[in-house]
Amino acid sequence: MAEAREYISCPDELGNIHISEDVLAVTAAAAALEVEGIGGLAANLGSDLAELLAGRRNLSKGVRVTMVEDCVTVDISLLVKYGSSVQAAAKAVQTAVGEAIANASGLSVSAVNVHIAGVSFPNQRKSR
């Protein structure tokens, strides 16, 4: 069964350019994960269930991209590393994601809404 994908269309003098929302979501996720203080993406229950049923990992879990009046809006759910400034990390994510999408697609980004869903802690090995 083919899965339905949403595409963002951009008219050009040579024709139309269609960009999958998945491409923009993966771009946003990659940019966010490079920010200091971000511990990972946080998915909602729906995307976790879809991932389980499909039997594959979703590289853009926790990211939703929508197009409203020629502008892209990104909603991203993240985990912040313990000890990091939540506000500083969130602001850095907004900047990084906005720039990454604008540079990769040429589209205007109207908003990057950052949702901090939790805190990640460093893995600590217990000595025996």
For residues 110-119, please give each side-chain donor-acceptor pair under 3.5 Å, one per line with the distance, not counting sequence neighbours.
| unit_1 | atom_1 | unit_2 | atom_2 | d |
| --- | --- | --- | --- | --- |
| Ser110 | OG | Val72 | O | 3.3 |
| Ser110 | OG | Thr73 | OG1 | 3.1 |
| Asn113 | ND2 | Asp75 | OD1 | 3.2 |
| His115 | NE2 | Asp75 | OD1 | 3.1 |

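- The shortest heavy-atom contact between Val109 and Ala102 is CG2-N, 4.2 Å.
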| request: Any chance you could lay out the side-chain contact (heavy atoms from CB on, under 4.5 Å) test for Val97 and Val63, step after step, and finish with the verdict? | output: CA-CA 11 Å; Val97 168; Val63 182; over 6 Å; no

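- To the nearest 0.5 angstrom, Lys81 atom NZ is 5.5 Å from Glu36 atom CD.
- Applying the side-chain contact (heavy atoms from CB on, under 4.5 Å) criterion to Ala92, with sequence neighbours excluded, gives Val35.
- Counted within 6.0 Å of OH on Tyr82, heavy atoms from surrounding residues, nucleotides or ligands total 12 or fewer; the atom is thus considered open.
- Note that OG of Ser77 is 8.5 Å distant from CZ of Arg64, once rounded to the nearest 0.5 Å.
- Leu79 and Ala42 make their closest contact through CD2-CB, 4.1 Å (heavy atoms, listed as atom of the first residue, atom of the second, distance).
- Linking Ile, Leu, Val, Met, Phe, Trp and Tyr residues whenever their side-chain heavy atoms come within less than 4.5 Å places Leu107 and Val65 in a single cluster.
- The two atoms that bring Ala88 and Ser85 nearest to each other are N-OG, 3.2 Å, heavy atoms only.
- The two residues Val80 and Gly37 have their closest heavy-atom pair at CG2-O, 3.2 Å.
- Minimum interatomic distance between Val74 and Ala28 (heavy atoms only, all atoms of both residues): CG1-CB, 4.2 Å.
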